[in-house]
Amino acid sequence: MPSKIESEHNTRLHAHGHGDAVHQHYFENRSQSILAWALALTLSFALVEVVFGFLSNSLALISDAGHMVTDAAALGLALLAQMIAKRPPTAKNSFGFGRAEALAAFVNGLIMLAVVGWISYEAVQRLAHPPAVQGGTVMLVASIGLAINVVAAWVLSHDKESLNTKAALIHVMGDLLGSLAAIISGAVIYNTGWMQVDPILSIFVSLLILKSTFGVLADSYHFLMEGVPHHIDYVKIGDDLEAIAGVLSVHDLHIWEMSPGHPALIGHLEIADISAWPRIMESVKTMLLEIHNIDHITLQPEVGGEN
């Protein structure tokens, strides 16, 4: 534990001065109740599915329960990541813990790939050797599951900024599609006795989930690798900086996101007259904020001809 003096010194070093960007390196106000509600709903119904799966001898329901337990674990990981992300910067983590959310999103994406792989494997096995399923029970329980997943998805959709919550939402949407597929397969089995419909629909749902999963993996990987935010044109910013009166050239320019939705920029500006730096810097700050929506800026001036 740091001493009181160390804590005060740490707070002072992380504080923003007059004229600095107002960006926070951590999430002070992001609600955790969204993920908590979704977690409670998902885990509760997973237990219900396990019970009814064994009572009805339905492998489909037991498998879906396993899927929902995996989703509950993903939601729990997302909730933990949000709790970590709200911690303020420390002497050892000067940028704070905002990347915990992207890391959790990436892990969740990998988990979802594993789930899709398992579902696909099971589906192939069942095409050759379909198990007997009580269609009526599957329809009933899957209908309740569909309602639960709709509520969970609606709750998660209220947080539109968090990449982590977006990854968790994909898990829930996968469950929602799975419940819908289970209802259809249960109805077909109940009315026709055709057992192969269950694995066929499972493969179809897996393909739908796969597209969204790859999207989350790509976004979280890009963020973790400190890539230039997708909505920012790196070359255009370089050109706009060089167009500022008094700027000769730009080099060592780096743009990344310190936390999702909050870009930062550092670089070196070669200028003709060091005495003009205050005016140049003010013009740069205005341009970057108004045109590119970047307010966390660190620039170093260099007089033309200096090495």
Side-chain angles (χ1 to χ4, degrees), residues 2 5-30 84-103 160-163 219-307:
I5 294 177
E6 288 175 330
S7 297
E8 290 177 351
H9 187 59
N10 177 54
T11 300
R12 178 178 61 81
L13 289 174
H14 285 108
H16 292 285
H18 178 69
D20 287 349
V22 297
H23 165 68
Q24 294 287 348
H25 300 223
Y26 58 98
F27 303 103
E28 271 188 321
N29 301 316
R30 180 161 292 165
I84 294 173
K86 291 179 71 174
R87 295 172 59 189
T90 67
K92 292 185 178 180
N93 298 92
S94 61
F95 282 113
F97 299 87
R99 292 187 183 276
E101 289 204 75
L103 181 60
K160 296 180 172 60
E161 297 182 1
S162 172
L163 178 63
D219 288 344
S220 56
Y221 175 80
H222 186 77
F223 177 78
L224 290 171
M225 294 301 293
E226 298 185 337
V228 177
H230 295 299
H231 65 283
I232 288 178
D233 188 334
Y234 176 85
V235 175
K236 178 67 164 56
I237 287 180
D239 291 341
D240 288 346
L241 286 171
E242 291 185 343
I244 299 291
V247 175
L248 301 178
S249 66
V250 181
H251 63 96
D252 287 344
L253 181 65
H254 301 280
I255 306 169
W256 75 105
E257 285 185 298
M258 299 182 67
S259 58
H262 297 283
L265 177 149
I266 61 174
H268 291 212
L269 297 186
E270 186 177 355
I271 60 177
D273 181 9
I274 193 63
S275 65
W277 177 243
R279 174 191 59 77
I280 293 174
M281 186 60 185
E282 190 62 33
S283 298
V284 166
K285 289 169 63 177
T286 300
M287 180 273 292
L288 289 175
L289 181 60
E290 293 182 354
I291 298 179
H292 302 284
N293 199 30
I294 301 175
D295 71 339
H296 203 287
I297 305 159
T298 304
L299 292 171
Q300 178 177 323
E302 297 177 358
V303 178
E306 287 190 354
N307 294 315

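Along the sequence shown, residues are numbered consecutively beginning with 1.
Between F223 atom CZ and L103 atom CG the span is 10.5 Å, to the nearest 0.5 Å. Remark: L299 CG to D252 CG distance equals 11.5 Å, nearest 0.5 Å.
The stretch residues 231-242 participates, sequence neighbours left out, in these salt bridge (charged side-chain N to carboxylate O under 4.0 Å, His left out) pairs: K236-D240.
Every residue two or more places apart in sequence or in another chain was checked for a side-chain hydrogen bond (donor to acceptor under 3.5 Å, both in side chains) with T286, and none qualifies. Every residue meeting the side-chain hydrogen bond (donor to acceptor under 3.5 Å, both in side chains) condition with H268, not counting sequence neighbours, appears here in chain and number order: E302.
Within the 3.5 Å criterion, the main-chain N or O of V228 finds a donor-acceptor partner in the side chain of H222. One N or O on the side chain of Y234 and one on the backbone of L253 form a donor-acceptor pair closer than 3.5 Å.
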Task: side-chain contact (heavy atoms from CB on, under 4.5 Å) evaluation trace for E270 with V247 - done: CA-CA 6 Å; E270 186 177 355; V247 175; over 6 Å; no
- [ ] Walk me through it: do E226 and E257 pass the test side-chain contact (heavy atoms from CB on, under 4.5 Å)?
- [x] CA-CA 7 Å; E226 298 185 337; E257 285 185 298; over 6 Å; no
- [ ] Given side-chain contact (heavy atoms from CB on, under 4.5 Å), test V284 with L241 step by step and report yes or no.
- [x] CA-CA 7 Å; V284 166; L241 286 171; 3.6 Å; yes
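Looking at heavy atoms from C-beta onward, I294 lies in side-chain contact with P263 at the 4.5 angstrom threshold. Using a 4.5 Å heavy-atom threshold, the side chains of T298 and L265 count as separate. When side chains are defined from C-beta on, W277 does not count as touching V303, because their heavy atoms never get closer than 4.5 Å. Within the 4.5 Å cutoff, the side chain of I255 has heavy atoms near those of the I232 side chain. Using a 4.5 Å cut-off on side-chain heavy atoms (C-beta onward), I280 and I244 make contact. The closest side-chain heavy-atom distance from H262 to D295 is not below 4.5 Å.
I274 approaches P278 most closely through the heavy-atom pair O-CD, 4.3 Å.
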